[in-house]
Protein chains: 2
Amino acid sequence: MPTISKQEKFLAAALQLFHEKGFKGTTMKDIAEAMNFEVANVYNYIESKQALLEGSLFSISKQFHTGIDFILASTYAPIDQLRELIRLHIRLSVQYPYEIALHTNEWRNLGAETRQQFVQERSEYEQKVATILERGITDGSLRQMDLGIATQAVLSAVRWLYRWCTDNQGQFNPIELEKQLMEFVIGGIANSAHPSMDDKRAE
Amino acid sequence: MPTISKQEKFLAAALQLFHEKGFKGTTMKDIAEAMNFEVANVYNYIESKQALLEGSLFSISKQFHTGIDFILASTYAPIDQLRELIRLHIRLSVQYPYEIALHTNEWRNLGAETRQQFVQERSEYEQKVATILERGITDGSLRQMDLGIATQAVLSAVRWLYRWCTDNQGQFNPIELEKQLMEFVIGGIANSAHPSMDDKRAE
DNA sequence: GTCTATAATTCGATAGAC
DNA sequence: GTCTATCGAATTATAGAC
């Protein structure tokens, strides 16, 4: 049985509260109560509320960048890089759902400087996703689409995963989730021999 | 030229600030400065900060429910109801991007009672979307999928639209956006197999 | 590490004059 | 409708004893 340090318990409690009440809606008092001690003790575990936000936010950002960089540097064909991208998002969503919730919802609360850096990193990540899609469109494995729309559509398709994990705490099959989502995304932008969007329905 | 009342200007200024800085991150002073008057005057336009949040939130929630209720009550086939659902989301995202941003991101800041009502309404909306998908799966026009996953995937595919509208202020073609997104979503979950009755996928 | 006490600031909201 | 002035409460963070 893995020993969970009080540090880790503190971080988990804070992240869960941020998820439930939002970053600004969560007070140091809330966290202290979750830890069963007084407010002042919070500062034994963190430097400041802002530092806690920044640490978690950029930590998960780095995880995503590291993951997609490996994918981009691989010899997989573009459509299989896209599969790997989806797998990456599922894996991280299962492992760090509350960090991703923070990353998705609370970046607006960063200070002016760090916020700029965050937006920069997020923009670069989207650019890397777009690169995968662009290569797929070029080699014909992905359907012709507006690259910006395709990028947002793909990222949106995986952006809800963290909530699936926090809501159904382990009460789901990640393998099946992966399969279903793969089918949804790939089937959506893969260049199918079946032009099902050319709507000819029989009535 | 449409006359814009100061009330409307106030609401627009507040919503934009909520979008940029978050609800709790926006102070009455921020709004007052955007309106070029002092803080106390804010309360000539609203009852309270909470009331402003609740009003906008439930207003847009009602719009979505009204829209999907018409779709559900129509005689469209399920797959075309899905098309209409996507059109509904695009239309509302173009018309009320900042209200939808609030609805998506700031519902956690509702009071305990109103928050419960919000979650209830959102859950009912998801249920209505699931109904459309379920009918489509039943009649064979949509691929066999886990209904919960399919519902989240479809809703996620349209959830980023408001940001597309706020970021590219009118600098985009809504018709083309609609076409592209349609192709992505419909192509993703439409049954690409033969339009016959075999609903069991052979792998 | 935990406590009590408190500093320093901010914020939502109201009162009342003009 | 707009202003000045202000109240009361909440919040982040620190000081210092145990």
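Residue numbering restarts at 1 for every chain, and letters A, B, ... go by the order of the sequence lines. Quantities reported herein were computed from a predicted structural model and do not represent experimental measurements.
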So the side-chain hydrogen bond (donor to acceptor under 3.5 Å, both in side chains) pairs with at least one residue in residues 85-100 of chain B (sequence neighbours excluded) are B/Q63-B/Y96, B/R87-B/E178, B/H89-B/Y125, B/Y98-B/Q169
Pairs flagged by side-chain hydrogen bond (donor to acceptor under 3.5 Å, both in side chains) wherever residues 107-121 of chain A is involved - sequence neighbours left out:
A/S61-A/E121, A/E106-A/N109, A/Q117-A/E121, A/Q120-A/E124
To the nearest Å, how far apart are A/N44 CG and D/dA13 C1'?
13 Å
Taking any atom closer than 4.0 angstrom to a non-hydrogen atom of chain A, what span of DNA chain C does the protein reach, first nucleotide to last?
C/dG1 to C/dT4
Under the side-chain hydrogen bond (donor to acceptor under 3.5 Å, both in side chains) test, which residues partner A/Q7, sequence neighbours left out?
none
Any base atoms under 4.0 Å from B/Y43, or only sugar-phosphate, or nothing? Heavy atoms, all strands.
base
Can you find a heavy atom in the side chain of A/I90 that is under 4.5 Å from one in the side chain of A/I86?
yes
Contacts of B/Q7 and B/A40 projected onto DNA chain D by closest heavy atom; the upstream (5') one is B/Q7
Does any residue of residues 21-29 of chain A have a heavy atom under 4.0 Å from DNA chain C, and if so, which ones, in number order?
none
Report all side-chain donor-acceptor pairs from residues 38-55 of chain B shorter than 3.5 Å, counting only partners two or more places apart or in another chain.
{"residue": "B/S48", "atom": "OG", "partner": "B/A51", "partner atom": "N", "Å": "3.1"}
{"residue": "B/K49", "atom": "NZ", "partner": "B/F23", "partner atom": "O", "Å": "3.0"}
{"residue": "B/K49", "atom": "NZ", "partner": "B/T26", "partner atom": "O", "Å": "2.7"}

Just how far, in rounded Å, is P of D/dA10 from CG of A/D30?
12 Å
Under the side-chain hydrogen bond (donor to acceptor under 3.5 Å, both in side chains) rule, collect the residues that match up with B/N168, sequence neighbours excluded.
none
Verify, without hydrogens or angle tests, whether A/R143 (side chain) and B/E183 (backbone) share a donor-acceptor contact under 3.5 angstrom.
yes
Pair listing, salt bridge (charged side-chain N to carboxylate O under 4.0 Å, His left out) test, anchored in residues 9-23 of chain A, at least two apart
A/K21-A/D30
Sequence-distant partners of A/E8, salt bridge (Lys or Arg N to Asp or Glu O under 4.0 Å), two or more places apart
none
Between D/dA15 atom C1' and A/N41 atom CG, what is the distance in whole Å?
14 Å
Pairs meeting criterion salt bridge (charged side-chain N to carboxylate O under 4.0 Å, His left out) with involvement of residues 153-172 of chain B, two or more places apart
A/E126-B/R163, B/R163-B/D167
Nucleic acid contacts of residues 46-60 of chain A, taken as heavy-atom distances under 4.0 Å to DNA chain C
none
Residues at least two apart in sequence or cross-chain that pass side-chain hydrogen bond (donor to acceptor under 3.5 Å, both in side chains) with B/K6, listed by chain then number, are none
